[in-house]
K.L.:
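One structure, pasted below without further comment.
Note on naming: letters A, B, ... go to the chains in the order of the sequence lines (proteins, then strands), and numbering restarts at 1 for each one. Hydrogens, waters and symmetry mates are skipped; everything else that's a heavy atom, side chains included, is used.
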Amino acid sequence: MINEEVANIFERVGRVLSYKGKDRFRALAYERAARSLRGLEGDLTTMAKAGTLCDIPGIGHDLSEMIDEYIDTHHIRRCEKELSTIPQSLIDLMDIPGLGPKTLLLLHKKFHIEDFEGFKRLLDSGSLLKLRGFGEKKIENLRRGIKLWLASKQRLPLGVALPIAERLLADVQKIKGVERADLAGSIRRRRETIGDLDMLVISNNSARVLREFTKLKPVDEVLSLGETRATVILEGGLQVDVRAVARQSYGAALQYFTGSKDHNVHLRTLAHAKGLKINEYGVFRGKKRLRGASESAFYRLVGVPLMPPELREDRGEIEAAIEGRLPTLIEVDHLRGDLHAHTLYSDGRSSLAEMVERAGTLGYEYIAITDHSPAARIAHGLDRRRLEDKVEEIERLRSRRGKRRPRIVHGAEVDILSDGRLDYPQDILSQLDIVVASVHSSFRQSPDRMTGRLLNAMANPFVHVLAHPTTRLIGSRAPIDFDFERVVEAAVKNRVALEINGQPYRLDLTDTLARAAKEAGALFAINSDAHSASQLQDIRYGVFQARRGWIESASVINAWTWAKLRRWLRKPMKR
DNA sequence: GCCGTTTTCGGCCCGACTGTTTTCAGTCG
């Protein structure tokens, strides 16, 4: 997919333009286009062929021509010309908090700063102090910016940030005088990674509440503290913004600070067309505030039904809401079981009995135990003999448990070998209740080979689920390269469900791929891929990702009753 | 550079906070 490549170019051009400061709206247009491409579900090359590039929000006449040019030549001459006017290492510095285009321009002109090393030397040299507008505090702030920047180069996965956020929220709710507190921002939208936390509180004494907040235990450093806003850094480096809001503005503020930015801009345009003005304080006609106490009232006034935060990315959800075709999203409670979990037999850290027991406390109707196949040597994949031992233990456990839930489903996570064959022979596969197939090696095959490999695997009649289809690891491993459309097509045809894996560093499929697969009619399995009993709960991150992919419970096979799932697992048409 | 049921031109969010000023500029969200 070239989406990311083009997005990167547009983002950099946007930064160069804002650095030059000539036309900030042109800069905004490039930045918005970059964000829009990153959130796109379809492939740019395909869209260009179909002539639908201009349907992408933020892409118009000029940018669509540039995308065409990139597809043809791998270059965009106008962008390259713009980029060549400024050293790229200088543009990278804009990521440093507190260092904006104006300051950067000044430092470049006065001190010929071109990269990070130069910037750091300048800070240490003390010559900045002589500059008008620069004092001790400002320089200290820039130093802190560097620290933050180095620490936050990787955003935190949702699965790491959300537990921190939930604990902090509970602490805030206990502060005296807090009437209500909520998470907002990207963590409320359940984005797969989180840059910082946004929180809102209602209180009749906000200054005191904010002061108390900055004294909470996990707070390491206070960056700013005012009457309505406080910004702190937690131990571990996560930044938190808390805003205190009046009760009558709470809905408007919650909407505003939940975003996304593009969703809000779109909403504001709609409001504007109706002669309304919206901001974090409410909906206004002229100077008169209409209402803003609840989020749903806020949306209603603008003429848009309320929608779940996970959808608010300006990816067509506003249009869908107006036309009454919002999806009814899957919820954690809809899941009746988990179809991907490991035990001590392979690389899990809990026993089979412990996993089953914990699955029971989660209210599951069924739990599939899917240890690795032999090719996964490091993970102690099971050969035929150890697989037989495991079957025996499952049988013993089944008879001991009688009719108690959950039902134990005997499965395996079977490696897809480099040519697309599976790592167990057909006679073993045929004995398993469920086969979860996945790639764990040879990640760098050509797109053609990789596509063929996956198609081969899915053509095997015993395969039920394609697990973590892209095999990416957030922050450490790129997704494998294959023709996603063809693979989805084969999944639909062969009745293979695509997994949405809930492990915090996987979240695979991604939101946009899941949505594309849904549009193509695919089925899904939302799984924990738990390697310990406590990790069974990570399945909720898979559900969040699925919700961001517009997925409804009807197309999630582990939201089905056991009776229905069992029929599907048998796949009579294939045998 | 995008966008359009007030517009094909003229908008495009603007309020809070900080720091260095003495009335404001820069940054952020």
Side-chain angles (χ1 to χ4, degrees), chain A residues 10-11 13-14 16-19 21-36 53-67 76 78-79 82 94-107 128-142 144-145 148 184-186 195-200 206-207 210 222-232 239-245 249 252-253 255-282 284 303 314 322:
Chain A
F10 287 169
E11 182 179 33
V13 171
V16 169
L17 292 171
S18 71
Y19 174 82
K22 276 195 207 127
D23 183 353
R24 74 190 178 95
F25 292 114
R26 226 179 118 217
L28 280 175
Y30 275 97
E31 283 166 16
R32 171 164 145 72
R35 278 199 307 276
S36 188
L53 287 176
C54 285
D55 295 346
I56 304 170
I59 302 292
H61 176 264
D62 289 37
L63 294 183
S64 70
E65 274 190 353
M66 291 186 202
I67 295 170
I76 304 174
R78 279 171 71 188
C79 291
E82 195 63 66
M94 278 197 211
D95 280 332
I96 298 177
L99 190 55
K102 293 286 195 309
T103 313
L104 205 51
L105 184 65
L106 184 71
L107 299 189
L128 258 185
L129 266 177
K130 296 171 200 141
L131 216 55
R132 189 185 153 77
F134 281 80
E136 285 286 355
K137 287 210 167 177
K138 200 162 194 172
I139 289 168
E140 190 43 46
N141 192 38
L142 285 170
R144 200 160 42 204
L148 270 178
S186 56
D196 57 17
L197 295 183
D198 290 294
M199 208 182 277
L200 292 183
S206 50
L210 290 177
V222 181
L223 294 187
S224 77
L225 173 61
E227 294 279 310
T228 65
R229 205 179 94 195
T231 303
V232 304
Q239 180 171 321
V240 187
D241 291 333
V242 179
R243 289 180 173 78
V245 182
S249 299
Q255 193 289 320
Y256 182 89
F257 290 110
T258 296
S260 69
K261 184 177 177 144
D262 290 332
H263 174 90
N264 287 358
V265 167
H266 192 159
L267 213 58
R268 197 170 301 123
T269 312
L270 284 182
H272 191 67
K274 290 176 180 274
L276 301 169
K277 181 176 142 75
I278 59 180
N279 58 28
E280 60 265 52
Y281 299 109
F284 296 84
D314 197 26
I322 292 171

K.L.:
Looking at residues at least two apart in the chain, or sitting in another chain, which of them share a side-chain contact (heavy atoms from CB on, under 4.5 Å) with D55(A)?
P.N.:
T52(A)
K.L.:
Over all strands shown, is Y256(A) touching base, sugar-phosphate only, or nothing at heavy-atom distances under 4.0 angstrom?
P.N.:
base
K.L.:
If we call it a pair only when both distances are under 3.5 Å in a Watson-Crick or G-U wobble match, what pairs with dG26(B)?
P.N.:
dC17(B)
K.L.:
When all nucleic acid strands are considered with a 4.0 Å heavy-atom cut-off, which category describes D196(A): base, sugar-phosphate, or nothing?
P.N.:
sugar-phosphate
K.L.:
Which part of the nucleic acid, if any, lies within reach of H272(A) when heavy atoms closer than 4.0 Å are counted: base, sugar-phosphate only, or nothing?
P.N.:
base
K.L.:
What is the nucleic acid contact for L28(A), judged by heavy atoms within less than 4.0 Å: base, sugar-phosphate only, or nothing?
P.N.:
nothing
K.L.:
Just call it for N264(A): base, sugar-phosphate, or nothing, with non-hydrogen atoms closer than 4.0 Å on any strand.
P.N.:
nothing
K.L.:
Contact class for L17(A) vs. all strands (heavy atom < 4.0 Å): base, sugar-phosphate, or nothing?
P.N.:
nothing
K.L.:
Could you work out the separation of dT21(B) and dG26(B) based on their C1' atoms and round it to a whole Å?
P.N.:
13 Å
K.L.:
Tell me, which pairs form a side chain to side chain donor-acceptor pair (under 3.5 Å) where one or both residues lie in residues 95-105 of chain A, sequence neighbours left out?
P.N.:
R15(A)-D95(A)
K.L.:
Work out how far the C1' atom of dT20(B) is from that of dC13(B), and round it to whole angstrom.
P.N.:
26 Å
K.L.:
For dT22(B) and dC17(B), measure between their P atoms and round to the nearest Å.
P.N.:
23 Å
K.L.:
Return the minimal non-hydrogen interatomic distance between Q239(A) and D196(A), and the atom names on each side.
P.N.:
O-CB, 3.2 Å
K.L.:
Using the C1' atoms only, state how far dT8(B) lies from dG1(B), rounded to an integer number of Å.
P.N.:
14 Å
K.L.:
What's the gap between dT23(B) and dT18(B) when it is taken at their C1' atoms, as a whole Å value?
P.N.:
15 Å
K.L.:
How close do G14(A) and A27(A) get, counting heavy atoms only, and between which atoms?
P.N.:
O-CB, 3.4 Å
K.L.:
Check for a donor-acceptor pair, side chain of S36(A) on one end and backbone N or O of P57(A) on the other, with a separation under 3.5 Å.
P.N.:
yes
K.L.:
If you assign F25(A) and F257(A) each to the DNA chain B nucleotide with the nearest heavy atom, which residue ends up on the more 5' nucleotide?
P.N.:
F25(A)
K.L.:
Return the set of residues passing ring pair (Phe, Tyr, Trp, His ring centres under 6.0 Å) with Y256(A) (not counting sequence neighbours), or none when no residue passes.
P.N.:
none
K.L.:
E136(A) near the nucleic acid: base, sugar-phosphate alone, or nothing, with a heavy-atom cut-off under 4.0 Å?
P.N.:
sugar-phosphate
K.L.:
Using a cut-off of 4.0 Å on non-hydrogen atoms, how would the nucleic acid contact of T231(A) be classed: base, sugar-phosphate, or nothing?
P.N.:
nothing
K.L.:
May I have all residue pairs that pass side chain to side chain donor-acceptor pair (under 3.5 Å) and include part of residues 259-268 of chain A, sequence neighbours excluded?
P.N.:
R35(A)-D262(A), Q255(A)-N264(A), H263(A)-Y299(A), H263(A)-E317(A), H266(A)-D314(A)
K.L.:
Remember a base hit wins even if backbone is also touched, and classify D62(A) as base, sugar-phosphate or nothing at under 4.0 Å, heavy atoms.
P.N.:
sugar-phosphate
K.L.:
Reading DNA chain B in the 5' to 3' direction, which nucleotide is the first one with an atom under 4.0 Å from a heavy atom of chain A, and which is the last?
P.N.:
dG1(B) to dG29(B)
K.L.:
Closest nucleotide of DNA chain B for F134(A) versus for G58(A): which of these residues is on the 5' side?
P.N.:
G58(A)
K.L.:
Show me the donor-acceptor pairs within less than 3.5 Å that the side chains of residues 128-139 of chain A make with the rest of the protein, sequence neighbours left out.
P.N.:
none

K.L.:
Say we look at dG19(B) and dG11(B): how far apart would their C1' atoms be, to the nearest angstrom?
P.N.:
32 Å
